[in-house]
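From a predicted model like this one, the values you see are computed outputs, not experimental measurements. No hydrogens, no waters, no symmetry mates; every other heavy atom, side chains included, goes into these values.
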Amino acid sequence: GTPQRHGPAYNRGPQAYGPVLLARRHLHQDADPSERVLVPMRWGLVPAWFKEDNPSKMQYSTFNCRSDTMMEKLSYRGPLVKGRRCVVLADGFYEWQQRNGEKQPYFIYFPQTKQEMSDMKEEEGNEEEEWKGKKLLTMAGIFDCWQPPSGGDPLYTYTIITVNASKAISFIHNRMPAILDGDEAIRKWLDFAEVPTQEAVKLIQPTEHITFYPVSTLVSNSRNDTPECLAPIELGLKQETKASASSKMMLDWLKNKSPKKQEDDLPRWSSQFIQAATPKRTSANVMHQWLKKEEGESPAKRPKI
């Protein structure tokens, strides 16, 4: 399929294309190790050694890669040893909790810290307009490049590394994506030229620095790709009576924190590079600022994608 450019995606599923950050040196050997580039890649790793003429003939799933076995499995070990490390970008991820024989989905994301919010206000130069959007979620991934045996364009694909869930979300699911928390972790993970594999894999661990809320089961069908997928819901009273202690804590949190559900008040965040009328700062703006900052201010150094 044709790569989808960074358009709206509220419910991106396996096999879809999404924006992935990697060191520019993978594409241009003379690039500075700190230079980064955004590349659309397909989710679901197709190893370079795959011999069939069609990647859909692969017999096993490579959307997620377990951190505890990634150095043993050929599909992941190969690209890891070659330094093919990337950062998969999203506003958050969905996870399903098995509950009374049903699956309740949750949206899990990075909250803004007070410090980050005040930094952004200063940068905007507007004291009154505070950006309450989500911080871009940066997940550790591995990518590979597969060449069709019969010729044609190479296929770039990725997998998201998973770890044991942190305490905060273990009641929802026992696994979570490996999230790179902070610029330093992102720098080390991407800098394959300076940071060897053995050192980079130490960055792969659960983080407690995330938050979540329940969402509608609309999201359980990947054909539903609308902003409603992200809208918080309140869990029904019937479920509340059976809720565990951790669920009760979360329900209390929702009562105090969740936005009012009138249509106009729906939270205006965006998933993976979506334009939103307000606030001004969307994930895309933050990402562009960040790329600009990382590459130095010289426009000549900025890669054309």
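Counting heavy atoms from C-beta outward, Pro214 and Gln97 have side chains that stay 4.5 Å or more apart. Contact of the Trp189 side chain with the Arg187 side chain is not registered, since no non-hydrogen atoms from C-beta on lie closer than 4.5 Å. Using a 4.5 Å cut-off on side-chain heavy atoms (C-beta onward), Asp53 and Lys57 make contact. Using a 4.5 Å cut-off on side-chain heavy atoms (C-beta onward), Thr197 and Met71 make contact. Annotation: side chain of Pro47 is not in contact with side chain of Leu74 (no heavy-atom distance under 4.5 Å). The side-chain heavy atoms of Leu190 and Arg36, taken from C-beta on, include a pair separated by under 4.5 Å. In this structure, Thr157 and Trp146 have side chains that are not in contact, with every pair of non-hydrogen atoms separated by 4.5 Å or more.
The minimum heavy-atom distance between Ala165 and His173, with the atom names listed, is CB-O, 3.2 Å. Closest approach of Gly44 and Thr62 over heavy atoms only: C-OG1, 3.4 Å. Nearest heavy atoms, Arg24 versus Val37: CA-CG1, 4.0 Å.
For CD of Gln29, the number of neighbouring non-hydrogen atoms (other residues, nucleotides, ligands) closer than 6.0 Å is 12 at most. Asp68 CG: more than 12 foreign heavy atoms inside a 6.0 Å radius. Around atom CZ of Arg175, more than 12 heavy atoms belonging to other residues, nucleotides or ligands sit under 6.0 Å away.
Connection of Leu218 to Ile172 is not established within any shared hydrophobic cluster, with ILVMFWY side chains joined at heavy-atom distances below 4.5 Å, either directly or through further cluster members. Taken together through direct or relayed side-chain contacts under 4.5 Å among Ile, Leu, Val, Met, Phe, Trp and Tyr, Ile108 and Leu235 form part of one hydrophobic cluster. Ile161 and Val195 fall into different hydrophobic clusters, defined by Ile, Leu, Val, Met, Phe, Trp and Tyr side-chain heavy atoms under 4.5 Å apart, directly or through other members.
Between His26 and Phe192, the ring center distance clears the sub-6.0 Å criterion.
Counting only distance, with no hydrogens or angles, the side chain of Arg84 and the backbone of Gly78 share no donor-acceptor pair below 3.5 Å.
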